[in-house]
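As structure tokens, the structure follows; a few thoughts come after it.
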Amino acid sequence: MSLAVHIHRAALGALDLIFPTRCASCDAPGEAPFCGICADTLVPLPAGCPVCGAPQDASLLPALRPRRCLHCRERAPAFSFATAPYLHGGALAERREDLGPALSVLFEGCTAPRSDCLAPIPLHPQRLRERGYDQARLLADGAAKRFGLPVVSLLTRVRPTGQQVGRDRAARERNLRGAFTASEKAQGLRVCIVDDVLTTGATASAAAEALLKAGAARVEVRTLARAP
Ligand SMILES: [Zn+2]
Ligand SMILES: [Zn+2]
């Protein structure tokens with residue numbers, strides 16, 4: 001075999017590692033990011049709260065003007081608008097998380113943010129060492145192509161916050177207070193935060209608060225999925 005063929009094969013092998021043509025959920029070969037069966041479990045995000053995107057009771061729709069959800073009426077989050085292409089669940093809940101580049105094509109189903117740049121929600125450095133990859137960064141890099149916006153690392157997680165799962169809304173908010181700082185490069189920018197899943201929005205709101213404090217003009221949020 002010629003050297004050129006060897007190099008070509010090696011390059012294809014590397015490409016398969018980066019963009020594996022396997023379903024990100026059930027690992028079936030040949031289809032990415034999801035096979036037909038897993039893709040059928042994806043539910044597009046229904047109409048909901050015009051601030052945090054929380055799906056609303058279908059019986060209240062179509063309303064003349066979408067109403068903010070109870071939580072956003074009680075205490076508005078720091079971001080202006082959050083949305084996602086899909087509801088969290090099905091194949092999206094079972095997928096491999098290290099496939100950011102392949103999964104970010106799902107942002108095709110999502111309105112583009114009115115922003116100047118994308119800023120992924122960072123992991124705490126200690127957590128990043130344990131995991132070996134940064135899911136939000138991988139997704140942001142993929143979303144950059146879809147939205148035609150640069151990725152700028154504006155956020156720093158200044159203390160580990162542990163798992164949010166199992167905490168209620170108030171506990172999540174308490175736990176995240178002061179967890180992020182933002183670079184002064186955020187000054188005057190319209191920023192779109194990118195993350196994996198939005199649950200209560202407490203993490204995104206804490207990050208948005210840091211960005212606004214650093215002088216950002218406006219903050220939106222895009223996640224791959226939204227908790228129902
Ligand atoms: Zn599958
Ligand atoms: Zn809301």
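Position 1 is the first residue of the sequence, and the numbers go up from there. In each ligand, atom 1 is the first atom listed, and ligand 1 is the first ligand listed.
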Heavy-atom pair with the smallest gap, counting every atom of Phe34 and Cys23 =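 What the structure gives for the nearest pair is CA-SG, 3.7 Å.
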task = Specify the closest pair of heavy atoms between Arg96 and Leu103, including all atoms of both residues, with the distance to one decimal.
result =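 Looking at all heavy atoms of both residues, the shortest contact is O-CD1, 3.7 Å.
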request  = Please determine if Arg95 and Asp196 form a salt bridge, counting it only when a charged side-chain N lies under 4.0 Å from a carboxylate O.
outcome  =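 Salt bridge: yes.
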ask   = Are the charged groups of Glu209 and Arg177 less than 4.0 angstrom apart, N to O?
value =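 No.
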key: Identified side-chain contact (heavy atoms from CB on, under 4.5 Å) counterpart of Pro120 within the set Leu139, Val151, Asp141, Leu154   =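 Testing each of Leu139, Val151, Asp141, Leu154 against Pro120, the sole residue satisfying side-chain contact (heavy atoms from CB on, under 4.5 Å) is Val151.
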message = Checking Thr199 against Arg226 for the side-chain hydrogen bond (donor to acceptor under 3.5 Å, both in side chains) test, could you report, in this order, the C-alpha distance in whole Å, the side-chain angles of both residues, the deciding distance, and whether it holds?
response = CA-CA 6 Å; Thr199 307; Arg226 173 81 174 75; over 6 Å; no
request  = Using a cut-off of 2.8 Å, find all protein N, O or S atoms closer to the Zn ion (ligand 2) than that distance.
outcome  =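 Hits for the Zn ion (ligand 2) below 2.8 Å: Cys49 SG, Cys52 SG, Cys69 SG, Cys72 SG.
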ask   = For the Zn ion (ligand 1), which protein N/O/S atoms are closer than 2.8 Å?
value =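 Hits for the Zn ion (ligand 1) below 2.8 Å: Cys23 SG, Cys26 SG, Cys35 SG, Cys38 SG.
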ask   = Taking atom CD1 of Ile37 as the centre, does the number of heavy atoms from other residues, nucleotides or ligands within less than 6.0 Å exceed 12?
value =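 Open: at most 12 neighbouring heavy atoms sit under 6.0 Å from CD1 of Ile37.
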ask   = If you count the non-hydrogen atoms of other residues, nucleotides and ligands that lie under 6.0 Å from CD in Glu184, is the total more than 12?
value =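 Not buried by this count: 12 neighbours or fewer within 6.0 Å.
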task = For the residue pair Arg172 and Thr203, confirm or rule out a side-chain donor-acceptor distance under 3.5 Å.
result =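 No, no side-chain donor-acceptor pair sits under 3.5 Å.
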